[in-house]
Amino acid sequence: MKINQNSRRDFIATTLVAGATLAGCATKNPFTAEEIPDVKPSGEMVKLLSVDGEIIEVDKAFLKPVPELPAVMNTAAREGIAGKKFVMVIDLSRCKSVKKCQTACNHMHHIHPGQNWIKVYPMQEAEHTAPYWQPTTCMHCDEPPCVKVCPVDATFKRKDGIVLIDSDRCIGCRFCMAACPYSTRVFNWEEPKIAKEIADKPYSCETSVPQKVGTVGKCDFCPDMVRQGNLPHCVSACPNGVFMFGDLLEDTVTNGSETFRFSELIKDKAGYRLMEDLGTKPSVYYLPPVNRNFPFENKVESGEEEKKA
Amino acid sequence: MKPYLKPKAMRMKNIFKIIAFVVYLIPTVLLAETVEKNTLVLGVKYYNDNNAVQHLVISAKSKIDGKFQKIANIAVKVFITSDADKNNLIGTGITSERGEFILLIPPAAKTEWAKSATQNFVAVSAATKLYEEARGEATITKAKIKIDTADGKIVNAKLLVLTDSVWKPMTGVEMVLAIKRLDGNLNISETATYTTDSAGAVTGEFKRDSLPGDSKGNLVLLANVIDNDIYGNLSAEINVPWGKPLSYTTNYNHRSLFARRGHSPFWLEFLAYGIIIAVWVVIIYLVFQIKKIVKLGLE
Amino acid sequence: MDKLREDKIIADLLPQEFGKQGKIWVVCLLFFAALGVFAYGRQLYYGLEVTAMRDYASWGIYISNFVFFVAISLVGSLITAVLRLTNVKWSTPLTRIAEIIAVSAITFASLIIIVDMGRPERFYNLFLHGRLQSPIIWDVIVITTYFFISLLLLYFPLLPDLKIMIGFKERNGKWLQKLYVFLGSFWKNKAEQFKITDKAINILAIAIIPVAFSIHTVTSWLFATTYRPGWDSTNFGAYFISGAFLVGAGGVVIAMYIFRTHYKLEKYITDDHFDRMGKVLVLLALLYLYFNFNEFLVPAFKMKKSEEDHLLGLFTGEFAPIFWFAIFTSMFIPIFILLFKKGRKPIPAFIAGILVVVGSWFKRFLIVTPTLLHPFLPMHDVPANYHHYIPSWEEWAIAGGSLAGALLVITFFARIFPIIPIHETILETESHENEKHF
Ligand code: SF4
Ligand code: SF4
């Protein structure tokens, strides 16, 4: 199956330099990866110094960063990145409820104070089962019930599996909130308290910024970061490497410091998804909370966090 | 974090300010301004990709509330050699939201670069309203990696270091052999790192069978030296046809209940439009009946 | 029938100007409606923040009110269509009451849904970007359709009456006369015209039944198409429809009583009507009770983990007082009252009607809120006030305002048009007398 070349290009433009395109150096390999010829030179050449002290010219299109990658248009944001299928793996055995993920997410998306897109639940299935922390994001369901019910296409499923919200279209009926079994959606009941210069920016489905009054918001898997070749904010913020993100079609997930082959990881650690019985087919996988070498301390129950709320 | 304490703390701060103000009322108004400044830490990292593109990543951070945070909008000047002289300036930049920026090493650095096998990069920022002036440095020795493959899915990489104007193999350096992936690189086998032998070489076996590549099954292999104290970050890459051709299907254009507008399942469209048309035909018929009554009445 | 008797019927049934009571009633309604508009102004200005709805209880009494309005509007089809088709003659005086209740309720149902929207100014997106897959779009379509059918069903039988009204030029005054002329000057009591309207009314009576069923079924699907405990039920469509029949019939009994005493219509809306409506009400309440048993007993028997908190919350927990209040007032007590012949006299029947309607309103509240407050994952990482839902004064004012608005529409309709079909009543009396002759 042929992969849409345009979107492939988006990725390459962000990976630092393709060897074969450089003048003079790097032996040309017979097996040219398909991605490289896809990148169309911009014609704008950048001169730089090589390690050998030679001056070489490289087309700007092959360099990172393309300073301030322009935000994609609404239509492109609705389609998503072809040839990708994003997944997340959350390792419950590592989560200590440090909540750095939440802080980073709230900060980067300018979420209204008090609301959270990422929640870290203290879970205990039954009286005699072990308690554990369960961070939840949007599951980016493959058969998303929230998308099924949206009357105006304001929340939609993309080619790359991400479910996003168009806050410029949402009518605020909140049907999607009722439909989502993971309680992941939040609503902007009042004008979100965000800095003026952020609030004045045009809304982008990919950054989900700025949130708008009278519309829904939720975790977006940070496709803007992905487009720039970076990991979602929660993934890079977690000090314990709980979150792993990647492309299912590449069969790889990473938390920034460790990289795993997705299929092996899920097989070895018996990964599972939440509420499989509902048939929502989430894109977020969980690794069970086994072999934890730290105690489960619920500050909420011991009353420490009550005062916050 | 106990936010409810904040107002109190702020009040205390204000009280101190007032006291300070009273005490130093006459001689200094300056004092209040200088107290608040934070120290800024500038980081410089060197990258050499594919023995061609050399660049630096300059980062700025500062300890705020006891934690290091990335600082945006810091203007930084970068010099080659430790002496921050105008002539050695190789570029300037402003840190982004993520507190960093990338600087490609420009041709302007050519003469300095040629002088020695060891190079110094210095980043300097002037004092701003919030931060004191800062300086960061990196010293690297010129090095490069050669990567190649052999039969039986073997990856060979070699580290060469410039010594006395000759590229010589270097032993005892940790290297990573990996497959290039979207956000992180997947090691070619369970071995996390390899150490170069006396010939400066490492050899690894590719064990990621049937890992999806591109549509032809091509993969990009990488040999990396990561954050080395002497050599910085080095990388070299090569394409190999060792992957599984990617077969990719999407149901994006399928008709389904969760598809977009205009892509609802046929049964739903038939059902819905059928019912709508049937009922509205009746309604329109009745409206015409009203017209008929009107006509009859006017006769 | 002699001319005299006919004139008497006409004189009795002509709409009358508001008396003192009427004026007070209208002023009260206007006050509540204005309060609702004021509260809505605040909501537009500050956003849905002024309500008590939050991320968990993301729907509140607006949606309850919406369901209630949709339910009560179903009555139009019950009285007019079902009774018409089954050739039940005694219902003639009730048809127009039922129809106007239907029209005004469905109008306010659509208004209240706009009130519930976070971005009402984007309402046009429903037409610009409407997705056929969404039950909301189905609801929009059926509600519009039902509104037009109800309007037609109101209009056709009105035509002969309009002719009668036009005859009273002096009495009408300039504006009303203009309105009557505009609506019905072409009606000449011709046989062909009657033939067309009779046929049209028959078609409508048939067409309105499936449409009325679908508006309530689709409304129930807004809930039943989600996974949530308490909503995830295949029983929901039928459950909603039976509930709607009940509250609608209750509404008609109330309206019958008020029009009867206020306009002195004892001759037309007789004790017999109350007796029969009382029986209908008992039947419908039993039916609804049956569905309630299904809806609560079956899940309670299994006590699935996800349902447990929700069900216990209703039976013995946080919502138990409202739950038992609603069950008793909307079903048990009215059944008890109306089972007795004496209970089907106008006054007790009227009280039973009020109980049914009030109980049903709270029943709608219980359908919406407790479910939302019992999500699959526990409520967590939200401010403390997100855990509960107690409607704010703005919500009460808007909900109350919409009810007042619906009543205003009915009141003004009764001021302008004969609330009991004059022409049909005359025909009815005639045929009655003919029967006697033979
Ligand atoms: S988790 Fe909820 S919001 Fe996210 S895709 Fe699934 S149903 Fe939609
Ligand atoms: S609240 Fe917005 S996104 Fe959610 S269903 Fe309604 S219109 Fe769609």
Side-chain angles (χ1 to χ4, degrees), chain A residues 99 102 113-116 118-123 125-126 134 136 145-154 156 166-192 212-216 274-275 277-280 300 305-306 308-309, chain C residues 44 46-59 63 113-114 116-140 221-223 225-228 231-232 305-306 368 371-372 375-387:
Chain A
K99 288 195 169 180
Q102 200 180 61
Q115 291 181 316
N116 298 299
I118 295 182
K119 292 179 183 168
V120 185
Y121 291 93
M123 297 297 280
E125 312 289 349
Q134 175 175 285
T136 58
C146 56
V147 173
K148 279 186 189 171
V149 301
C150 179
V152 294
D153 252 345
F156 48 85
D166 186 345
S167 283
D168 282 334
R169 185 181 291 181
C170 172
I171 60 170
C173 65
R174 309 192 292 293
F175 198 178
C176 51
M177 298 179 79
C180 171
Y182 304 95
S183 304
T184 196
R185 291 177 164 250
V186 303
F187 193 76
N188 291 297
W189 301 97
E190 59 186 314
E191 195 65 59
K212 299 199 166 173
V213 64
T215 65
V216 279
L274 291 190
M275 300 181 211
D277 52 331
L278 299 183
T280 50
V300 183
E305 234 170 271
E306 296 270 275
K308 249 174 142 182
Chain C
L44 282 181
Y46 294 106
L48 284 169
E49 169 71 5
V50 300
T51 70
M53 290 186 276
R54 288 300 177 261
D55 288 348
Y56 284 105
S58 55
W59 282 340
I63 296 289
I113 211 78
I114 295 176
D116 183 69
M117 283 165 47
R119 286 291 196 145
E121 81 277 12
R122 294 185 185 162
F123 187 75
Y124 64 89
N125 276 355
L126 285 174
F127 306 98
L128 225 59
H129 300 291
R131 271 175 88 245
L132 197 59
Q133 294 99 317
S134 168
I136 289 195
I137 292 292
W138 309 343
D139 223 9
V140 170
W221 287 349
L222 295 188
F223 305 99
T225 50
T226 70
Y227 299 101
R228 299 198 176 236
W231 291 354
D232 182 12
K305 194 170 174 229
S306 55
V368 177
T371 288
L372 285 169
F376 284 110
L377 292 171
M379 291 193 269
H380 186 63
D381 264 347
V382 287
N385 63 335
Y386 281 33
H387 290 245

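Per chain, numbering begins at 1; letters A, B, ... match sequence-line order. When reading the values below, keep in mind they use all heavy atoms of this one structure, side chains included, and skip hydrogens, waters and symmetry mates.
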Colleague: Quick one: does C:Thr226's side chain get under 4.5 Å of A:Pro145's, heavy atoms only?
Modeller: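 Counting from C-beta outward, C:Thr226 and A:Pro145 never come under 4.5 Å.
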
Colleague: Heavy-atom pairs under 4.5 Å with chain C are the metric here; pick the option from A:Ala154, A:Cys150, A:Ser183 that has the most.
Modeller: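 Between A:Ala154, A:Cys150, A:Ser183, the count favours A:Cys150.
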
Colleague: I want to check something: taking the side chain as every heavy atom from C-beta on, are C:Arg119 and A:Lys212 in contact at a cut-off of under 4.5 Å?
Modeller: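 Yes, side chains in contact.
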
Colleague: Can you say whether A:Thr184 sits under 4.5 Å from chain C via the side chain, the backbone, both, or neither, judging by heavy atoms?
Modeller: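 No part of A:Thr184 comes within 4.5 Å of chain C.
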
Colleague: Should C:Leu372 and A:Arg174 count as side-chain neighbours, where that means a heavy-atom distance under 4.5 Å?
Modeller: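 They are not in side-chain contact.
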
Colleague: Can you give me the closest heavy-atom contact between A:Tyr121 and C:Pro378, atom names plus distance?
Modeller: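 Scanning both residues, the minimum pair turns out to be CE2-O, 2.9 Å.
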
Colleague: Under the salt bridge (charged side-chain N to carboxylate O under 4.0 Å, His left out) rule, what do C:Asp55 and A:Arg185 come out as? Steps first, then yes or no, please.
Modeller: CA-CA 8 Å; C:Asp55 288 348; A:Arg185 291 177 164 250; over 6 Å; no

Colleague: Can you sort out the partners of C:Asp139 under salt bridge (charged side-chain N to carboxylate O under 4.0 Å, His left out), two or more places apart, ordered by chain and number?
Modeller: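 Partners of C:Asp139 by the salt bridge (charged side-chain N to carboxylate O under 4.0 Å, His left out) criterion come out as none, since no residue qualifies.
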
Colleague: Quick one, A:Ile171 and C:Leu126 - any side-chain contact, counting heavy atoms below 4.5 Å?
Modeller: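 SC-SC contact between A:Ile171 and C:Leu126 confirmed.
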
Colleague: Is C:Leu222 in contact with chain A via its backbone, its side chain, both, or neither, using a 4.5 Å heavy-atom distance?
Modeller: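 Both backbone and side chain.
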
Colleague: Within the structure provided, determine whether A:Arg169 and C:Leu128 are in side-chain contact (heavy-atom separation under 4.5 Å).
Modeller: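 Side chain of A:Arg169 against side chain of C:Leu128, heavy atoms only: no contact under 4.5 Å found.
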
Colleague: C:Thr225 versus chain A, heavy atoms under 4.5 Å apart: side chain, backbone, both or neither?
Modeller: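 The side chain, not the backbone.
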
Colleague: How close do C:Tyr227 and A:Pro181 get, heavy atom to heavy atom, and via which atoms?
Modeller: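 C:Tyr227 and A:Pro181 have their closest heavy atoms at CD1-CG, 3.9 Å.
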
Colleague: Could you check if a side-chain atom of C:Leu48 sits within less than 4.5 angstrom of a side-chain atom of A:Glu190, using non-hydrogen atoms only?
Modeller: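 C:Leu48 vs A:Glu190: side chains apart.
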
Colleague: Are A:Gln115 and C:Asp381 packed together at the side-chain level, in the sense that at least one heavy-atom pair is separated by less than 4.5 angstrom?
Modeller: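 Contact flag for A:Gln115/C:Asp381 side chains = no.
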
Colleague: Let me know if C:Tyr386 has heavy atoms under 4.5 Å from chain A in its side chain, its backbone, both or neither.
Modeller: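 It is the side chain, since no backbone atom gets that close.
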
Colleague: Side chain from CB out, backbone as N, CA, C, O: work out which of these in A:Val147 comes under 4.5 Å of a heavy atom of chain C, or both, or neither.
Modeller: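 Backbone plus side chain of A:Val147, per the 4.5 Å heavy-atom cut-off to chain C.
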
Colleague: As a quick check of understanding, evaluate side-chain contact (heavy atoms from CB on, under 4.5 Å) for A:Val213 and C:Glu49, giving each step before the final call.
Modeller: CA-CA 9 Å; A:Val213 64; C:Glu49 169 71 5; over 6 Å; no

Colleague: C:Trp231 versus chain A, heavy atoms under 4.5 Å apart: side chain, backbone, both or neither?
Modeller: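 Side chain only.
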
Colleague: Identify the heavy atoms of C:Arg131 and A:Asp153 that sit nearest to each other, and give their distance.
Modeller: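 Nearest heavy atoms, C:Arg131 then A:Asp153: CD-OD1, 3.0 Å.
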
Colleague: Within this structure, what is the OG-CH2 distance for the pair C:Ser58 and A:Trp189, rounded to the nearest 0.5 Å?
Modeller: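 The CH2 atom of A:Trp189 is 6.0 Å from OG of C:Ser58, to the nearest 0.5 Å.
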
Colleague: Roughly how far, to the nearest 0.5 Å, is the SG atom of A:Cys173 from the CG atom of C:Asn125?
Modeller: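 Rounded to the nearest 0.5 Å, the CG-SG separation comes to 11.0 Å.
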
Colleague: With side-chain contact (heavy atoms from CB on, under 4.5 Å) as the criterion, how do A:Val152 and C:Arg122 come out once you've worked through the C-alpha distance, each side chain's angles and the decisive distance to 0.1 Å?
Modeller: CA-CA 10 Å; A:Val152 294; C:Arg122 294 185 185 162; over 6 Å; no

Colleague: Using modelled atom types and a 3.5 Å cut-off, is there a donor and acceptor pairing between side-chain atoms of C:Lys305 and backbone atoms of A:Glu125?
Modeller: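 Present.
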
Colleague: Between A:Ile118, A:Val149, A:Thr136, which has the largest tally of heavy atom pairs under 4.5 Å with chain C?
Modeller: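 Going by pairs under 4.5 Å, I would pick A:Val149.
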
Colleague: For A:Phe187 and C:Gly118, work out which heavy atoms get closest and say how close.
Modeller: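 So the two residues come closest at CZ-CA, 4.0 Å.
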
Colleague: Where on C:Phe223 is there a heavy atom nearer than 4.5 Å to chain A: the side chain, the backbone, both, or neither?
Modeller: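 Interface part for C:Phe223: neither.
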
Colleague: Which one, A:Pro151, A:Gly214, A:Ala179, A:Cys180, leads in non-hydrogen pairs under 4.5 Å with chain C?
Modeller: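 Heavy-atom pair counts peak at A:Pro151.
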
Colleague: Is there a side-chain contact (heavy atoms from CB on, under 4.5 Å) between C:Leu377 and A:Lys119 once you walk through the steps?
Modeller: CA-CA 10 Å; C:Leu377 292 171; A:Lys119 292 179 183 168; over 6 Å; no

